[in-house]
There are 2 protein chains.
Amino acid sequence: MPKISDEKRAARRAQILAAAWTCFQKEGLHATTMDDIIRTSGLSAGAVYSYYASKDELILAAVTSSLSGLSALVEPILKAEPLPAPDQFVWQVTATIAGFTARGGYDLKRIALLGWSEAQRNERLRATMRGFYLAFRSRLEEVVEAWKRSGVVEEAASVQDTAKALLSIILGFVVQAAILGDVDAGALANGLTGLRTPDTPAQKSAQALRRQSTLKRAVPEL
Amino acid sequence: MPKISDEKRAARRAQILAAAWTCFQKEGLHATTMDDIIRTSGLSAGAVYSYYASKDELILAAVTSSLSGLSALVEPILKAEPLPAPDQFVWQVTATIAGFTARGGYDLKRIALLGWSEAQRNERLRATMRGFYLAFRSRLEEVVEAWKRSGVVEEAASVQDTAKALLSIILGFVVQAAILGDVDAGALANGLTGLRTPDTPAQKSAQALRRQSTLKRAVPEL
DNA sequence: TAAAAAAGAACGATCGTTCGTTTTATTATC
DNA sequence: GATAATAAAACGAACGATCGTTCTTTTTTA
């Protein structure tokens, strides 16, 4: 029975996925044609289609693998003992994300931007992504809990909101680094310390107000 | 000589651009066809093409107008007297961005994500965007300077880095709100205060170290 | 040798764009 | 002031290019 071995099959899939990554980040998700991927992979159309049923499947695989790659990368930081303080933590996470770029010429940040964009019209991709980021934010909540226990975050702080702020900082780094290219993890963490000054009484009362009211603002016409 | 008036011309352009916005955010930049835009604009193909030379032109116009719309929206906050404290400032900016969504069903955040993605392969768009965000960050630097003068940010902080951190938080909010949808300006600002605790001596030394070394980390295989 | 795997030419669908025609609105003429 | 002349503006069918995918043929391998 002439059937290819499981290792060979996995290798072929990886070969095609790598080609897809290369093309996607070079041209974008929609601008890369199947022919681009086929030629880059070194295989034929028939071969590629016998491993991935459609282009959408390939897009999903590319984004999913980048997400799980990110997960694997950041995981060690999340469970480090002792847990680094917030600034240090943000520094480590963003530096790790930035460092991924070096690896084989792939840029995790670019794939992330492409994925976010695509997720808005691709329901399956959106669900996958939502699940991933929600899970990641849960992990961040655990981190905040740990900070509370060790006293670096005060007990009164909202765990959910703090995790949201953390995630914003990390995601924002990805965007800014991808678009402007002149930010690094050190600058971000350093800039964060600049924002971290003790509350004045006026700020305290503003915080209390903030959670109750919704900002009503005149929105100018386009 | 039957020539349309300048107002009529501008109105037609606005009509087409509005149709493009609607389609782009519903289907994405590449998935919307010119026929989509043409039909929702209520005009003919020939008419649309006499106002915008190509689809790329329309994409650029859509993204550019969303950027300048954002600018106009945020500008009042930047020059407010007195300038709100950091948390309050972030709250106002993000609330304004979020509030834009309500306006006519257009979601500024979605267009932003689409634009970032497209900017990676469209050189003209990338240049436009870069210029916009750099200018915006300069404005943020001025804000940080003002904070320093009023004492809410300590003198030793780096203006550039603090502005980068600020921009990250804002951009991250846009991403998180667009993908997860369960964040609001209040949660973000509130979460930021949770991160804002006084330095311990250990953190101080970590900051000093951070700016000098580059993180060397083993990046696992995909 | 037999069946799975790879190849690659070919297909139908769809895209962005064009271009010959029709409509519309302004000006010149009587 | 009604009408004819005129040119911009709008129309929309049609085109060429290109896309994702299929399917028959050839090659490979257990």
Side-chain angles (χ1 to χ4, degrees), chain A residues 1-24 26-63 114 117-118 121-125, chain B residues 1-24 26-63 114 117-118 121-125:
Chain A
M1 287 151 207
K3 203 176 175 181
I4 216 168
S5 70
D6 282 354
E7 296 93 47
K8 283 266 181 192
R9 251 199 101 75
R12 278 265 185 273
R13 277 183 73 92
Q15 176 182 358
I16 294 167
L17 195 57
W21 268 60
T22 303
C23 295
F24 284 154
K26 204 183 300 177
E27 303 286 345
L29 255 29
H30 279 90
T32 72
T33 67
M34 282 303 284
D35 195 55
D36 287 337
I37 298 175
I38 288 160
R39 250 181 310 106
T40 309
S41 75
L43 296 175
S44 67
V48 168
Y49 268 90
S50 78
Y51 286 94
Y52 289 96
S54 66
K55 188 184 178 182
D56 267 343
E57 201 90 19
L58 222 25
I59 289 176
L60 188 69
V63 175
L114 298 175
S117 179
E118 182 68 8
R121 60 169 217 104
N122 184 329
E123 201 161 341
R124 208 161 132 225
L125 186 60
Chain B
M1 289 149 204
K3 203 176 176 182
I4 215 167
S5 70
D6 282 356
E7 297 93 45
K8 284 266 181 194
R9 251 198 103 76
R12 278 264 184 275
R13 276 183 73 92
Q15 176 182 359
I16 294 167
L17 194 57
W21 267 61
T22 303
C23 295
F24 284 155
K26 203 183 300 176
E27 304 286 346
L29 256 29
H30 278 91
T32 71
T33 68
M34 281 303 283
D35 196 55
D36 288 337
I37 299 174
I38 287 161
R39 250 182 308 105
T40 56
S41 77
L43 296 175
S44 68
V48 169
Y49 269 89
S50 79
Y51 285 95
Y52 289 96
S54 66
K55 187 183 178 182
D56 267 343
E57 202 90 17
L58 222 26
I59 289 176
L60 187 69
V63 175
L114 298 175
S117 180
E118 182 69 8
R121 60 169 215 105
N122 184 331
E123 201 161 342
R124 207 160 133 224
L125 186 60

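For the numbers below, each heavy atom of this structure counts, side chains included, while hydrogens, waters and symmetry mates do not. Letters go in sequence order (proteins before strands), and every chain restarts at 1.
Rounded to an integer number of Å, the gap from OH of B/Y52 to P of D/dA10 is 13 Å. The distance from atom CZ of A/R12 to atom C1' of C/dA7 is 12 Å, rounded to the nearest whole Å. A/D56 has its CG atom 16 Å from the P atom of D/dC19, to the nearest Å. The CZ atom of B/R13 sits 17 Å away from the C1' atom of D/dA10 (whole-angstrom rounding). Taking atom CG on A/L29 and atom P on D/dG20, their separation rounds to 11 Å, with Å as the unit. The distance from atom OH of A/Y49 to atom P of D/dC19 is 12 Å, rounded to the nearest whole Å. Between the P atom of C/dT14 and the NZ atom of B/K55 lies a distance of 15 Å, rounded to the nearest Å.
Here CH2 of A/W21 is found 14.5 Å from NZ of A/K26. Values are rounded to the nearest 0.5 Å. The distance from atom CG of B/L58 to atom OH of B/Y49, rounded to the nearest 0.5 Å, is 8.5 Å.
When each of A/T32, A/T33, A/T40 is checked for a side chain to side chain donor-acceptor pair (under 3.5 Å) with A/D36, only A/T33 meets the rule.
Toward the 5' end of DNA chain D, the nearer of the two residues A/A31 and A/A53, judged by each one's closest nucleotide, is A/A31. If A/G46 and A/H30 are placed on DNA chain D by their nearest nucleotide, the residue sitting closer to the 5' end is A/H30.
Side-chain atoms of B/Y51 lie closest to D/dA9 of the nucleotides D/dA9, C/dT17, D/dT21. Of the candidate nucleotides C/dA6, C/dG16, D/dA10, C/dG16 has the atom lying nearest to any side-chain atom of B/T33. The listed nucleotides are C/dA9, D/dC11, C/dG16; the one nearest the side chain of A/A45 is C/dA9.
For A/R9 and C/dA4, the shortest distance from a side-chain N or O to OP1 or OP2 is not below 4.0 Å. Residue B/S44 places no side-chain N or O under 4.0 Å from the OP1 or OP2 atom of D/dA10.
A pairwise comparison of heavy atoms in A/I16 and A/I37 identifies O-CG2, 4.3 Å as the closest pair.
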Audit row: A/L17, A/Y51, side-chain contact (heavy atoms from CB on, under 4.5 Å) steps and yes/no: CA-CA 10 Å; A/L17 195 57; A/Y51 286 94; over 6 Å; no
Pair A/R12-A/L43, side-chain contact (heavy atoms from CB on, under 4.5 Å): steps then yes or no: CA-CA 9 Å; A/R12 278 265 185 273; A/L43 296 175; 3.8 Å; yes
Worked verdict on B/E118 versus B/V63 for side-chain contact (heavy atoms from CB on, under 4.5 Å): CA-CA 10 Å; B/E118 182 69 8; B/V63 175; over 6 Å; no
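Taking every heavy atom of residues 34-43 of chain B and every atom of DNA chain C, pairs under 4.0 Å involve B/M34, by number.
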